[in-house]
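Down below is the structure, laid out as structure tokens.
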Amino acid sequence: DDDDDEDPTSSDTPMSLTSAAQLVNATTGDGKSNTNRRQNFRSKGFRTMSSSSITEKHTNYSPSQPQEVCNTQSWGDLSWREDLNHEDLASNVRDIMTKILKECILHDLQKQTPQTHMSPPSPGSEGRFLWAATLAKNHITQQNNMDILDSHLYNYIRRISMLYRNECHFHSWYHACHIVLGVNFLISKIQGHDKNGNYNDNKNKEAQEEGGNDDTNDKNSNNSNKSDDHLHDPWLRFVITFAALIHDTKHLGVTNRQLQVEKHMLFQLFGEKGSCQERHSLHLGLSILVEEFPVLYGVIIAGCPMFIRWVSQAVLATDIASRNVQRGCEEKFDRVIEQKNQQRQYQNTSPQQTPKQKTNPKQKQNGMNDDGNKIGKDGLWISTTTANISINKNSNNEEDYLIQHHRNLLTESALEQLLLSADVGHCSQRYETFLKWNRLFFQECLASHLQDRGDDPRIGWFEGQIPFLEKYILPLVTRCETLMPKPCGMKECVERNLRRWKSEGRAWTDRMVDDLMPDENGRVIYWTQNDVG
């Protein structure tokens, strides 16, 4: 067959939706007709899989176990091995994300039968891309071609890694990899993973059906009710890892406020909405995925239709210098917790003990309480004044729509709090880790100041860390651990670091300032990641 020799990857331009589907088709099927296709993909750098089952391949496919290159025994000790270089980190991040993506696809296959009889909508319609994406997902999962996804994912990660600026001491590729490790650890405390980091959906189900163990039924338990079931979706782990990967892409090493003062191009592009560097990173990360890796994006969006929304919300929340952004995140979290507490109170109250809600006749007819909240299934009171969320508004059941609204709100809030906690995770880890990243951030601020692009960090550095730990970090990690069945020691680490900083921080800051004094030629000798480590 002449078509067997065609190589859909031969074009140097980004693949269209049609060529994306052709790429998937060219890597599927069996028999002799597939031999040439496999040879063509090998010549282009793609690797193809044998006919072994996806379960067997899942067991054997792992170039290096994360435990060999990083410490994941506890939150306080979480770190990559110090001798890993830029490419090593990219390779190991690929291992983590490929593993998660395979878990997502396996989970979807166990939940539902892929649609094999689908007709494409008319050309140009809005549904054409979703059809192509679903087609790509079905072909890849059915024919066990995970190597294609792995190749695309690895190339994407390497592409993103090169966009982190070497001159940034803190907002660097090493920082992004540290956050990738952090969000995976934190979400595993919510979802439940075995000692090798593998997702265990059956374990979660059994724990929920049995009411959990003693640890999950204590006063800190928040995941024992069914309203949190969707937080155990493995796609959320992929979403939060992807957001961590791209969240500081091309960061300039200066504050958004400084870009506003300079009337920088990024401020002119994104400044009206605020968080200009976060929006720039988000735009870069998503546009590269969609335009340069359409097959990978097609598989992701078919499995997680809310992917763009959730990644966007999580990345934009990392503007910790914006009071408006952080206030919005806190208010969203408070609304979610209030609704969960109301639901828990309703579920724990027998029908005879259920207090009557004082409602006026009009509210009673509409199924609402005095606060104007919808009284949904299982006593779930859903605020009708929460932010608009992109969900299925064509639902015939208004109550189901509001419950879905609440669940999307909970998911967004959880992703925001997890990424925020990991982004400043060094503050809640062991003291040596806190000092390492504290110095790197100081160096970045000092370098910007010496270029007349920011305030002098040497003034008030020691004093400034105390309210930051007390008023921002402690409430943040408290909210994060509220999402977990059992705390992971974040709050205790912050309190310990705060005590040591108050007693030792001033002397340590003075030594750091002395180390970074310019020499006779006006040059400053900065420490690298390994030097600080």
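In what follows, every heavy atom counts, from backbone to side chain, and hydrogens, waters and symmetry copies are set aside. These numbers come from a predicted model, not from an experiment.
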#### Entry: Heavy-atom side-chain proximity of Asp95 to Lys99 below 4.5 angstrom
no

### Task
With sequence neighbours excluded, tell me which residues meet salt bridge (Lys or Arg N to Asp or Glu O under 4.0 Å) with Arg496.
none

### Query
Going by the ring pair (Phe, Tyr, Trp, His ring centres under 6.0 Å) test, which pairs reach into residues 305-330, not counting sequence neighbours?
Phe242-Phe307

### Message
Tell me every residue that passes side chain to side chain donor-acceptor pair (under 3.5 Å) with Arg500, counting only those two or more places apart in sequence or in another chain.
### Response
Glu504

### Task
Please answer whether the main-chain N or O of Cys488 pairs with a side-chain N or O of Glu481 as donor and acceptor at a distance below 3.5 Å.
yes

#### Entry: Spacing of CG belonging to Leu284 relative to CD1 belonging to Ile288, to within rounding of 0.5 Å
5.5 Å

#### Entry: Side-chain donor or acceptor of Trp75 paired with backbone N/O of Ser428 under 3.5 Å
yes

### Query
Hey, does Asn256 have a side-chain heavy atom less than 4.5 Å from the side chain of Ser322?
no

### Query
What is the ring orientation for His426 with Trp437, classed by angle as parallel under 30°, tilted 30 to 60°, or perpendicular over 60°?
tilted

### Query
Going by the angle between their ring planes, with limits at 30° and 60°, are Trp461 and Phe441 parallel, tilted or perpendicular?
tilted

### Message
Any donor-acceptor pair under 3.5 Å linking the side-chain atoms of His178 with those of Gln429?
### Response
yes

### Query
Under the 3.5 angstrom rule, does the side chain of Ser91 hit a backbone N or O of Asp88 as a donor-acceptor pair?
no

### Message
Do Val290 and Ile301 make a side-chain contact, defined as non-hydrogen atoms from C-beta onward lying under 4.5 Å apart?
### Response
no

### Task
Run the numbers on Arg439 and Asp515 for salt bridge (Lys or Arg N to Asp or Glu O under 4.0 Å), then give the verdict.
CA-CA 11 Å; Arg439 173 166 183 139; Asp515 289 340; 3.5 Å; yes

### Query
Within the side chain of Gln313, is there an N or O that forms a donor-acceptor pair under 3.5 Å with the backbone of Glu412?
no

### Message
With ring pair (Phe, Tyr, Trp, His ring centres under 6.0 Å) as the rule and sequence neighbours excluded, what pairs involving residues 468-487 come up?
### Response
Phe468-Tyr472

### Query
Going by atom types alone, do Asn155 and Glu292 pair a side-chain donor with an acceptor below 3.5 Å?
no

### Query
Do His171 and His247 have ring centroids that are under 6.0 Å from one another?
no

### Residues forming a side chain to side chain contact (heavy atoms under 4.5 Å, CB included) with Asn497, sequence neighbours excluded
Tyr431, Phe434

### With sequence neighbours excluded, residues passing side chain to side chain contact (heavy atoms under 4.5 Å, CB included) with Arg323
Arg327

### Query
Any side-chain heavy atom of Leu149 sitting closer than 4.5 Å to one from Thr98?
no

### Query
How would you list, by chain and number, every residue that makes a salt bridge (Lys or Arg N to Asp or Glu O under 4.0 Å) with Glu416, sequence neighbours excluded?
Lys332

### Query
Excluding sequence neighbours, so at least two apart, what forms salt bridge (Lys or Arg N to Asp or Glu O under 4.0 Å) with Glu87?
Arg158

### Message
When you compare the side chain of Tyr174 with that of Tyr164, does any pair of heavy atoms fall below 4.5 Å?
### Response
no

### Task
For Arg279 and Leu316, indicate whether the former's side chain and the latter's backbone hold a donor-acceptor pair under 3.5 Å.
no

### Message
Can a donor-acceptor pair be found, under 3.5 Å and without considering hydrogens, that links the side chain of Trp80 to the backbone of Leu89?
### Response
no

### Query
So which pairs with a foot in residues 252-286 pass ring pair (Phe, Tyr, Trp, His ring centres under 6.0 Å), sequence neighbours left out?
none

### Message
For residues 451-471, which residue pairs pass the salt bridge (Lys or Arg N to Asp or Glu O under 4.0 Å) check, not counting sequence neighbours?
### Response
Arg257-Asp455, Glu262-Arg453, Asp456-Arg458, Glu463-Arg506, Glu470-Lys502

### Message
Within the structure provided, determine whether Ser312 and Leu286 are in side-chain contact (heavy-atom separation under 4.5 Å).
### Response
yes

### Message
Given 3.5 Å as the limit, does a donor-acceptor pair link the side chain of Gln451 with the main chain of Leu446, or not?
### Response
no

#### Entry: Min side-chain heavy-atom separation Trp501-Leu435 under 4.5 Å
yes

### Query
What pairs with Asp514 under side chain to side chain contact (heavy atoms under 4.5 Å, CB included), at least two apart in sequence or on another chain?
none

#### Entry: Backbone of Val315 reached by a side-chain donor or acceptor of Thr318 within 3.5 Å
yes

### Query
Is there side-chain contact between Ile187 and Val183, with heavy atoms separated by less than 4.5 Å?
no

### Task
Answer yes if the side chains of Asn184 and Thr241 hold a donor-acceptor pair under 3.5 Å, and no otherwise.
yes

### Task
Taking side chain to side chain contact (heavy atoms under 4.5 Å, CB included) as the test, write out the residues that go with Arg479, two or more places apart.
Glu330, Phe333, Gln417, Pro475, Leu476

### Query
So, the side chain of Gln277 versus the backbone of His251: is there a donor-acceptor pair under 3.5 Å, distance only?
no

